[in-house]
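Numbering of ligands and ligand atoms starts at 1, following listing order. All values below come from the heavy atoms of this structure, side chains included, with hydrogens, waters and symmetry mates left out.
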Amino acid sequence: MNSFVFAHSDTEGKVSVLINRCMIPFLDLNQINAPYQSEIEAAVLRVVRSGWYILGKELQSFEEAFANYSQASYAIGVGNGLDALTLILKAYNFEVGSEIIVPANTYIASILPVSFLSLKPILVEPDPRTMLLDVSQIEKVISPDTRAILTVDLYGKSCDMEAIQELASRHHLKVITDAAQAHGAKFKGRKVGSIADATAFSFYPTKNLGALGDAGAITTNDPQLARKLKSLRNYGSEIRYQNDLQGHNSRMDEIQAAVLGVKLPWLDRDNQARRQIAEAYLEGIRQPEVILPPSDTHQEDSWHLFVLRHPDRPRALAHLTAQGVETQVHYPTAIHRQQAYKSLSSLTLPITEAIHQQVISIPLHPQLTRQQVNQVIEAVNSIPL
Ligand SMILES: *Cc1c(COP(=O)(O)O)cnc(C)c1O
């Protein structure tokens, strides 16, 4: 990357200024949080001075705001996205060995909670067009041991929740959504956090709504589940030192809740900026080998990532880097090909494997300038054939 960094010497000959002339970073958290900097600092200071750091009024007020934003009855703040999913599965108390249907194309955090609770993840190939759970593949893997369908709104796009819920209610299955990449995304006008029986969110700093550390939340419309989750995140206790369940310690802390409270009112504006950039990419990128992400629901997607596919990824990545465009790969290795999941290595999932070989994420965040967007488009369009 250093071919894009120009060092200027001052009169004393010391290198004093580095100008990053045209490298477009994939993501820069300083830049992401810059519009909220002074409000965030004030909120953090307020907590520091309050003398109350865990399970206080900052969390309560964020939970109310996030439930309201998500069009859900309840939001429960937890330690991170992985814990959000783990606590949901734990709250449902599925018997050991129960089968949970999961997409094969996802981040490992969607599947680990299933394993943690000695449940069995049943990996399903994605729809090659959307790269999301393929509803037509679900019914054939439903067995008497199936208890839930775990949908993942990967890259910020909702799964087909109508079809999934119809299937789930016919087979008496729970629907759990991993919306760690889909804050503010909708399915047919409904917020993703309001549709499944329970929805897990992550506020990892790079997500569309990001904290300054780890944080997560669960949304649900089920009052009993909400109550149980509040207990499970706090040692299984509703009354201090009275433990009714073997719970976890997974509480969103007051500082993170205060930071998220500052940023939440701007989430829709940020997502709208992401949509405009995604639309510019969808319109401007014309390279015969590049497969663009689907655009049919682009107005409803949260565009956490803009993931295109190229049959010769190393060639495409080398070109984009040479053009000053920083890219990432989400994700390079399929879960059933990971060392941690040797137990699943006998699976053959050709669609999932092809996706993992071809995907490229190009920069997409609310602070990208029109000029940078154009530079990315030109870089993609000039990938040599
Ligand atoms: C980020 C992410 C998670 C995990 O969230 P953490 O807060 O890092 O635990 C889970 N699933 C998906 C799809 C994610 O992108």
Original post:
Can you tell me if Thr297 and Lys157 form a side-chain donor-acceptor pair at under 3.5 Å?
Top reply: yes
**OP:** For the pair Arg227 and Glu238, evaluate salt bridge (charged side-chain N to carboxylate O under 4.0 Å, His left out) and give the outcome as yes or no after the intermediate values.
**Re:** CA-CA 9 Å; Arg227 189 166 170 185; Glu238 284 180 57; 2.8 Å; yes
Subject >> Stepwise side-chain hydrogen bond (donor to acceptor under 3.5 Å, both in side chains) test for Arg370 and Asn374 >> reply: CA-CA 6 Å; Arg370 185 67 223 195; Asn374 289 340; 3.2 Å; yes
**OP:** Give me the ring orientation class for Phe203 and His183: parallel if the planes are under 30° apart, tilted from 30 to 60°, perpendicular past 60°.
**Re:** tilted
Subject >> Presence of salt bridge, Arg337 and Glu353, under 4.0 angstrom >> reply: yes
Between ligand 1 and the protein, find all N/O pairs closer than 3.5 Å and give the distance for each.
residue, atom, partner, partner atom, Å
ligand 1, 5 (O), Ser202, OG, 3.2
ligand 1, 7 (O), Gly81, N, 2.8
ligand 1, 7 (O), Ser202, OG, 2.6
ligand 1, 9 (O), Gly81, N, 3.2
ligand 1, 9 (O), Leu82, N, 2.9
ligand 1, 11 (N), Asp178, OD1, 3.3
ligand 1, 11 (N), Asp178, OD2, 2.7
ligand 1, 15 (O), Gln181, NE2, 2.8
ligand 1, 15 (O), Lys207, NZ, 2.7

Subject >> Side-chain donor or acceptor of Arg313 paired with backbone N/O of His356 under 3.5 Å >> reply: yes
